[in-house]
Number of protein chains: 2
Amino acid sequence: MTLLIDIRAPQWMADQDLHDLLAPHLPGVEILCGPPTQTLPTVLVLATNQLQPDMAGFLPNLKLVQKLGAGVETMLTDPNLPQNVRIARLEPSVQADEIAEYCLAELLAELRNIRGYLHDQKARLWNGVAPRRAAETSVLVLGLGHIGARVAARLAENGFQTSGWSRTQKSLPAITCYSGEADLKQALGQSDFVISVLPSTAKTRGFANADLFGAMKQGAVFLNVGRGDLVVDGDLIKSLNSGHLGGAALDVFHTEPLEQDHPFWDHAKIAITPHVSGWSLGEGLLDVAENYKRLIAGQPLLREIDRKTGY
Amino acid sequence: MTLLIDIRAPQWMADQDLHDLLAPHLPGVEILCGPPTQTLPTVLVLATNQLQPDMAGFLPNLKLVQKLGAGVETMLTDPNLPQNVRIARLEPSVQADEIAEYCLAELLAELRNIRGYLHDQKARLWNGVAPRRAAETSVLVLGLGHIGARVAARLAENGFQTSGWSRTQKSLPAITCYSGEADLKQALGQSDFVISVLPSTAKTRGFANADLFGAMKQGAVFLNVGRGDLVVDGDLIKSLNSGHLGGAALDVFHTEPLEQDHPFWDHAKIAITPHVSGWSLGEGLLDVAENYKRLIAGQPLLREIDRKTGY
């Protein structure tokens with residue numbers, strides 16, 4: 001009896017990483033990784049983000065498709081998936097909520113000068129500065145997938161003037177949505193904060209360069225909770241040192257942990273957090289192991305989808 | 001020509017305090033305080049929170065009721081207020097929103113270890129700690145007046161398990177409301193954060209003492225955005241040093257600015273901000289003086305209410 005991991009979302013997670021996470025929780029269970037190249041009659045459970053149309057042919061004894069996320073629309077409408085195969089989903093909103101809460105915390109810390117007051121406290125300095133209010137602050141979220149949309153929504157709920165930018169045009173309640181190159185310049189130029197939630201792809205690597213920082217508003221603050229390879233580190237430092245950018249809060253880096261001799265560490269305008277914005281990814285993923293065990297034991301599955309009603 | 005200050009909300013603000021705030025901005029203007037006990041024919045403007053039904057009889061030449069807040073429903077429906085008397089309001093929500101935003105910022109800074117990571121950054125230390133989530137965090141707000149209610153609402157909107165405590169029982173949407181001494185112990189004992197928004201009165205001075213801190217949960221964090229004389233400073237330090245309380249974030253103090261030799265400054269578990277939670281109070285109230293001057297000069301008033309439409 002076998003679990004097959006075939007995620008098909010390499011920029012999100014490697015099959016082997018999920019394997020290593022689940023293996024300790026499934027002792028004695030065979031766990032295979034990657035697209036099948038031959039019929040695999042022992043596979044009972046498939047863990048995937050993107051169900052391939054030819055999959056059922058490779059997995060004649062498949063009992064459960066475990067989606068590594070919440071959306072199951074494509075699976076429900078897949079004509080190749082036999083009706084007796086069950087579908088279950090995960091709760092990725094935990095991760096998205098965590099990242100949104102991190103962004104809210106960082107923005108408010110900036111607006112309320114929390115790091116500045118800690119500095120003042122060490123010097124026994126009583127130096128109040130006028131607070132900036134969320135309602136008077138504009139934020140641009142780069143990337144409007146599941147996580148970016150949740151970040152933007154959380155900020156809008158808290159009164160921030162929130163806009164978002166994505167490659168393809170989106171429509172989100174209470175968010176001004178931009179797309180494409182021309183829109184990007186405009187959106188960057190009017191925002192007090194720019195938050196990247198972009199994944200790492202051929203198009204995003206090095207995307208946060210001198211051009212992008214130069215198009216940002218004087219004194220604006222850049223946040224990165226997406227991927228570290230988005231940023232041209234030297235360009236960010238130059239933009240901060242020139243006085244153009246007001247600050248940066250970074251949770252992700254080219255190399256993690258950040259190298260000991262990296263100039264970010266002691267830059268007065270850079271706040272570093274050690275890749276903690278979306279901490280709880282792992283916990284949610286353990287439900288894959290749990291559902292495997294429940295299936296074998298004949299117990300009710302976590303978050304099984306009714307294939308008729310779709311929820 | 002006279003301004004009468006008769007606020008009728010002593011726990012919010014004393015008449016004399018508003019007098020002292022406005023006097024420098026109204027040179028040569030007579031400013032009276034308190035309920036009238038005789039007819040005052042020179043009074044043109046009444047600044048109040050609660051229009052008394054007998055007021056028009058005392059003030060035969062009243063031209064303007066300046067509400068010290070936003071809501072004017074009761075004034076609009078007051079049959080005793082002559083139709084030629086104008087009504088204007090203030091924008092007090094600014095202050096309450098600011099304080100609520102401060103509390104949200106401080107709580108999230110604590111949950112996301114923002115001060116801790118700044119400390120780590122100086123030591124080039126990459127040390128991620130699991131974030132705590134608002135949804136899994138309980139907060140108790142002491143004091144449920146205009147500001148306390150807004151603080152509690154903002155925290156509940158952000159998913160915190162929010163409760164409130166006040167001397168007299170309140171009822172607020174999404175907030176578990178406690179009142180009285182017995183309830184206080186219970187509420188304190190179940191909350192990860194306790195925020196005081198209490199004013200300074202005979203009953204609240206010294207209220208945050210060893211008993212109160214002792215009734216708080218092990219490791220809980222105390223925030224004070226109300227008044228400094230609520231806290232018995234030595235008791236707070238003892239509770240932090242004993243390991244019972246996890247931390248404190250203080251915006252108000254017995255003496256402000258905080259004395260240079262005060263032990264709070266270099267206490268590792270105390271975060272100090274220089275009375276900035278409700279920064280914009282003074283500015284909003286100065287509109288009372290501005291509207292007095294505009295009335296005299298025959299200029300349009302700030303935030304005058306159309307008595308027919310009610311806005």
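Residue numbers begin at 1 in each chain, while the letters A, B, ... track the order of the sequences.
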By salt bridge (charged side-chain N to carboxylate O under 4.0 Å, His left out), which residues pair with A:Glu256, not counting sequence neighbours? none
Applying a heavy-atom distance below 4.5 Å, give me the residues of residues 230-251 of chain A that approach chain B, sorted by number. none
Rounded to the nearest 0.5 Å, how far does CD1 of A:Ile114 lie from CD of B:Glu106? 4.0 Å
Under the side-chain contact (heavy atoms from CB on, under 4.5 Å) criterion, do B:Val129 and A:Val276 qualify, and how do the steps go? CA-CA 7 Å; B:Val129 294; A:Val276 291; over 6 Å; no
Backbone N or O of B:Leu104 within a donor-acceptor pair of the A:Arg112 side chain at under 3.5 Å? no
Report the option among A:Gly128, A:Ser277, A:Pro257, A:Ala105 that has the most heavy-atom pairs separated by less than 4.5 Å from atoms of chain B. A:Pro257
Determine which residues belonging to residues 152-161 of chain B lie within contact range of chain A, meaning some heavy atom pair is under 4.5 Å apart, and list them by number or answer 'none'. B:Arg154, B:Asn158
B:Leu258, part contacting chain A, at a heavy-atom distance under 4.5 Å: both
Does NE2 in B:His119 sit with more than 12 non-hydrogen atoms of other residues, nucleotides or ligands closer than 6.0 Å? no
Sidechain-backbone polar pair: A:Glu101 side chain, B:Arg133 backbone, donor-acceptor under 3.5 Å: no
Per-residue tally against chain A (heavy atom, under 4.5 Å) across B:Asp120, B:Leu111, B:Leu118 peaks at B:Leu118
Per-residue contacts, residues 259-274 of chain A versus chain B, heavy atoms under 4.5 Å: A:Gln260, A:Asp261, A:His262, A:Phe264, A:Trp265, A:Asp266, A:His267, A:Ile270, A:Ala271, A:Ile272, A:Thr273, A:Pro274
If you count heavy-atom pairs under 4.5 Å between each of B:Ala109, B:Ala135, B:Ala130 and chain A, which one has the most? B:Ala130
